[in-house]
Amino acid sequence: MKDKISLAMARRIALGAQGFNDPRPGGVPDRRHLARVLSRTGLLQIDSVSAVVRAHYMPLYSRLGPYPLALLDNAAVTRKRAVFEYWAHEASFLPVETYPLMRWRMLRAEQGDEMYLGLAKWGRERKAMIDEIYAQVAERGPIAASDIEGHKGNGGWWGWSEAKHAFEWLFWAGRITTAYRRGFERYYDLPERVLPQAVLDLPVPSVEDAHRELLRISARAHGIATYGDLRDYFRLAPGDTKDRIEELVEAGELLPVKVESWDKTAYLHKDARFPRRIEARALLAPFDPVVFERTRTEKLFGFRYRIE
């Protein structure tokens, strides 16, 4: 194992980790191909804006080629769903098996942490409203925020009604989840009525174990990455991750290396592949995991990527 890696090799490692060296499907992509992409990326960031197509559909296209959009849509509905929605790298689709790894964030959100400060403050002051909306979901779900009579927003993207605030607070806290979307509007229901029972039966790891596993997923998805890159993938805090990174290094799962022209230590995943070349062409959305972290994009590709 080299302790110094060229920038060109770092690029190939990163692209290989994201699945750009995998063969394209011979026919119409199916759930197996979706699962393969998710095993590489670990998540798909959800896009609330649709200029041409919502950006969460595009990483699959960049890795699989043309595919039916219903492949992702269908994976996010029914009790046989393959993905669920939650806050990871912003709002994201995550493999259902990841659900127990996010329970620590849900529990912290219920205590007023790990969520937007304004929403946390609102939740402390509106407990009765939260309880009322939860009861409505339990009785009537799946329902949308717009189904609650007498609660209209103030207009604009963030002009949330009181009911919408309660739905979002409950979603952060994991007490409700997305059953499906209609016209991109979320319809909420209780997790026990939405998620596969096998997922609900999985043991919930300790906070430390969950952070360690999320960092493993991040490291596999990056191939090679700095400490900041690894944290950013699931928006993990420094206080939650510094010791976990050191533990993964000590266990031999992450290998500290020097990358040409990088001024910070990089961590190579122990199973990272070293492609000799990658013949990849891709249309990258702003939310594609390969360019999530703009500083990393600039360091890897010499490309200053911003959206105005």
Side-chain angles (χ1 to χ4, degrees), residues 15 17-102 141-142 144 167-168 171 174 176-189 191 193-200 214 217-218 220-222 233-235 280-292 307:
L15 291 173
Q18 280 287 315
F20 287 101
N21 209 33
D22 294 343
R24 295 288 182 97
V28 178
D30 56 26
R31 284 174 69 100
R32 294 170 303 159
H33 299 106
L34 172 63
R36 188 186 73 189
V37 172
L38 285 171
S39 74
R40 301 280 190 224
T41 66
L43 53 81
L44 295 171
Q45 184 180 338
I46 297 172
D47 189 5
S48 60
V49 178
S50 181
V52 178
V53 66
R54 297 189 192 278
H56 49 268
Y57 292 108
M58 293 173 67
L60 293 174
Y61 175 78
S62 292
R63 291 155 180 80
L64 298 176
Y67 74 97
L69 297 186
L71 181 63
L72 180 56
D73 295 338
N74 293 340
V77 297
T78 79
R79 289 299 288 265
K80 293 183 178 180
R81 69 182 59 224
V83 297
F84 73 104
E85 292 186 27
Y86 192 59
W87 293 97
H89 187 93
E90 303 299 332
S92 302
F93 287 118
L94 298 146
V96 289
E97 296 80 12
T98 312
Y99 182 77
L101 300 180
M102 307 309 295
F167 277 107
E168 290 300 320
F171 180 81
I176 62 176
T177 190
T178 306
Y180 55 82
R181 288 180 181 263
R182 184 172 294 160
F184 203 66
E185 183 178 23
R186 276 193 188 127
Y187 280 70
Y188 301 91
D189 207 344
R193 296 202 293 239
V194 170
L195 298 173
Q197 190 60 46
V199 170
L200 295 170
L214 290 173
I217 295 171
S218 175
R220 285 196 299 270
H222 283 96
Y233 211 69
F234 286 96
R235 297 289 202 245
R281 298 291 183 273
L283 179 63
L284 292 179
F287 295 169
D288 194 295
V290 82
V291 291
F292 267 166
I307 49 177

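Side-chain atoms are counted along with the backbone in the values below, which use heavy atoms only and exclude waters and symmetry mates. In this text, all values refer to a predicted model and were calculated from it rather than measured experimentally.
In this structure, R81 and P196 have side chains that are in contact, with non-hydrogen atoms separated by less than 4.5 Å. L94 has its side chain within reach of F84: a pair of non-hydrogen atoms, C-beta onward, lies under 4.5 Å apart. Residues H56 and Q45 fail the side-chain proximity criterion, which asks for heavy atoms closer than 4.5 Å. Within the 4.5 Å cutoff, the side chain of L15 has no heavy atoms near those of the N21 side chain. Residues Y99 and P191 have side chains in contact (heavy-atom distance under 4.5 Å, counting atoms from C-beta outward). Within the 4.5 Å cutoff, side-chain heavy atoms of V28 are placed close to those of P68. Between S92 and Y86, every side-chain heavy-atom pair lies at or beyond the 4.5 Å cut-off. Put simply, the side chain of I46 does not reach to within 4.5 Å of the side chain of E90, judged on heavy atoms.
Geometrically, R186 engages F171 in a cation-pi contact, judged by NZ or CZ lying under 6.0 Å from the ring centre and within 45° of the ring axis.
Proximity of a side-chain donor or acceptor of R181 to a complementary backbone N or O of D73 within less than 3.5 Å is not detected. With hydrogens and angles ignored, the 3.5 Å screen pairs no side-chain donor or acceptor of R40 with any backbone N or O of Q18. With hydrogens and angles ignored, the 3.5 Å screen pairs no side-chain donor or acceptor of S62 with any backbone N or O of P59.
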Carefully, step by step, assess L72 and L44 under the rule side chain to side chain contact (heavy atoms under 4.5 Å, CB included).
CA-CA 10 Å; L72 180 56; L44 295 171; 4.1 Å; yes
Would you check, one step at a time, whether the test side chain to side chain contact (heavy atoms under 4.5 Å, CB included) holds for D288 with R63?
CA-CA 11 Å; D288 194 295; R63 291 155 180 80; 2.8 Å; yes
Verdict with reasoning, F234 to H89, per side chain to side chain contact (heavy atoms under 4.5 Å, CB included)
CA-CA 5 Å; F234 286 96; H89 187 93; over 6 Å; no
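Here the closest non-hydrogen pair linking F184 and S48 is CE2-CA, 3.4 Å. D189 and V194 make their closest contact through CB-CG2, 3.6 Å (heavy atoms, listed as atom of the first residue, atom of the second, distance). When all heavy atoms of L71 and L34 are compared, the closest pair comes out as O-CD2, 3.9 Å. In this structure, A221 and A17 approach most closely via the heavy-atom pair O-CB, 3.6 Å.
Residues meeting the side-chain hydrogen bond (donor to acceptor under 3.5 Å, both in side chains) test with D47, sequence neighbours left out: none.
In this structure, CG on L38 lies 11.0 Å from CD1 on I217, to the nearest 0.5 angstrom. A distance of 10.5 Å separates OH of Y187 from CZ of F167, quoted to the nearest 0.5 Å. For the atom pair CG of L64 and CG of D22, the computed distance is 9.0 Å after rounding to the nearest 0.5 Å. One finds the OG1 atom of T41 at 12.0 Å from the CZ atom of F93 (value rounded to the nearest 0.5 Å).
Atom CZ of R24 sits in a crowded spot, with more than 12 heavy atoms from other residues, nucleotides or ligands closer than 6.0 Å. Within 6.0 Å of the OH atom in Y57, the count of heavy atoms belonging to other residues, nucleotides or ligands exceeds 12.
The ring of H33 has its center no closer than 6.0 angstrom to the ring center of Y67.
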